[in-house]
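Data block below; observations after.
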Amino acid sequence: MTDADQSDSIGSPDSPDADPVAPETYDEFAASRSDPRFTDWLRKRAGDSWDDATAHRLTRELAADELADDVFRQYLVQDYAFVETLVGVFGHAVGTAPTMESKSELVSFLSVLTDDEDDYFLRAFDALDVPESVYSDPKTTPTTRAFIDLLERAAGQGGYAETLAVLVPAEWVYLSWATAGTNPDESPSRFYLSEWIDLHAVDGFAAFVEWLRTELDREGAAASPRRQRRLEQLFCRTVELEVAFFDEAYELAPSGDSTATATSPAPSHSTGGSSQPGDGRW
């Protein structure tokens, strides 16, 4: 697929939250630094959305053991629906990775998603009294559907770099909030909160996110300016959807509210079904 094909085939708008002080091109960014990283440029281009995602009310209340169970329940059910697609996208990345070493790294992380993390979800659902009929066939929300669509289109219509452009922020955001100011001696008393933090704060996950970033650093720096712009769009849209994903847990939970105002626009498309705000409530 040519750069021109990739530029037009995965429809999502430029990020409205792009930091106005961040250089518009990677070349401009790299020229002012001795050791530039493509992923650092992408993070800057995400602007305020990056801070909104990594310091969200949901993650702050989670770390402080103040998150309402029904908010976390709503969030977790949607995340489980999302993870199924995430596993498929990582599988696609295995097929398009340029080296056996890269393929091996991705396969190793896939085993974590399908083993350790899946075990966590099942134990958490049991503790939160989520029926199997709910988490095995969830009513996905507009944001979840938009997120799933973005990942599938990036992987299906792009190459290895496009797949990385959505996987890197999806994992990096979680590493960032899970390791930001957390105190192991003051972890939440509810295991499903404390373990959710632990899963994303361990050294192994941090090393994997750093490896993912290094892969995108290499692929992005070597891409044409047109393709770099496309990678930026994918990265920024992923961060925006992370914010909306957290917001929606409050908006749809019975005890939730809309004080966590969404900072990203409503999804412009979905993979099917109604797009009414109450789709995900159960």
Taking Y160 as the fixed residue, which of H92, E219, E215 is the one that meets the side-chain hydrogen bond (donor to acceptor under 3.5 Å, both in side chains) rule?
E215
Is the shortest side-chain heavy-atom distance between P188 and I197 below 4.5 Å?
yes
What pair of heavy atoms forms the shortest contact from C236 to L42, and how long is it?
SG-O, 4.5 Å
Under a plain distance cut-off of 3.5 Å, with no hydrogens placed, do S102 and T99 share a side-chain donor-acceptor pair?
yes
More than 12 heavy atoms of other residues, nucleotides or ligands under 6.0 Å from CD of E66: is that the case?
yes
Would you please test L58 and V71 for side chain to side chain contact (heavy atoms under 4.5 Å, CB included) and show each step?
CA-CA 9 Å; L58 186 146; V71 173; 4.2 Å; yes
Can D217 and R213 be counted as an ion pair, charged N to O under 4.0 angstrom?
no
For F72 and Y75, I'd like to know if the aromatic rings sit close, meaning centre-to-centre distance below 6.0 Å.
yes
Would you say D79 and F245 make side-chain contact, with heavy atoms under 4.5 Å?
yes
Measure across P23 and E28 and return the closest heavy-atom pair with its distance rounded to 0.1 Å.
CB-CB, 3.7 Å
Got a sec, which residues hit ring-ring contact (aromatic ring centres under 6.0 Å, His included) with Y135, two or more places apart in sequence or on another chain?
Y80, F125
Answer whether the closest heavy-atom distance between the side chains of T238 and F147 falls below 4.5 Å.
yes
Could you check whether any side-chain heavy atom of W50 comes within less than 4.5 Å of a side-chain heavy atom of V173, counting everything from C-beta outward?
yes
Mind listing the closest non-hydrogen atom pair of A127 and F191 along with its distance?
CB-CE2, 3.6 Å
Return the minimal non-hydrogen interatomic distance between L67 and R190, and the atom names on each side.
O-NH1, 2.8 Å
Within a strict 4.5 Å, meaning less than it, do heavy atoms of the T59 and T54 side chains meet?
no
Donor + acceptor pair across side chains of S104, E101 (<3.5 Å)
no
Could you state the interatomic distance from CG (L167) to CG (L151), rounded to the nearest 0.5 Å?
6.0 Å
Testing the basics here: between E105 and F208, what is the closest heavy-atom pair and its distance to 0.1 Å?
O-CE1, 3.8 Å
Minimum side-chain heavy-atom gap R45-Y26 below 4.5 Å:
no
Using only heavy-atom distances, determine whether the side chains of S49 and E240 contain a donor-acceptor pair under 3.5 Å.
no
Picking from Q228, R230, R229, what satisfies side-chain hydrogen bond (donor to acceptor under 3.5 Å, both in side chains) with E232?
R229
Is there a donor-acceptor pair closer than 3.5 Å between any side-chain N or O of E162 and the backbone N or O of G159?
yes
What do the steps show when you test W172 against W177 for ring-ring contact (aromatic ring centres under 6.0 Å, His included), and what is the final call?
CA-CA 9 Å; W172 192 7; W177 71 251; over 10 Å; no
Approximate separation, where rounding is to 0.5 Å, of F121 CZ and L128 CG
11.5 Å
Rounded distance (nearest 0.5 Å) linking atom OG1 of T214 with atom CZ of F38
13.5 Å
For the atom pair CG (L175) and CZ (F205), what is the distance rounded to the nearest 0.5 Å?
6.0 Å
Do F29 and K44 have side chains that approach each other closer than 4.5 Å (heavy atoms only, starting at C-beta)?
yes
Hey, mind stepping through R123 and E195 against side chain to side chain contact (heavy atoms under 4.5 Å, CB included) and telling me if it holds?
CA-CA 11 Å; R123 288 185 293 108; E195 286 191 24; 2.6 Å; yes
Got more than 12 heavy atoms from elsewhere within 6.0 Å of CD, E84?
no
Salt bridge between R73 and D70, side-chain N to carboxylate O under 4.0 Å?
no
So CG of L216 and OG1 of T39: to nearest 0.5 Å the spacing works out to 6.5 Å
So which atom in V89 and which in A155 form the shortest heavy-atom distance, rounded to 0.1 Å?
CG1-CB, 4.1 Å
In Å, rounded to the nearest 0.5 Å, how long is the span from CZ of R226 to CG of L231?
12.5 Å
Quick one: does S136's side chain have a donor or acceptor within less than 3.5 Å of a partner on E132's backbone?
yes
Any side-chain heavy atom of L106 sitting closer than 4.5 Å to one from F109?
no
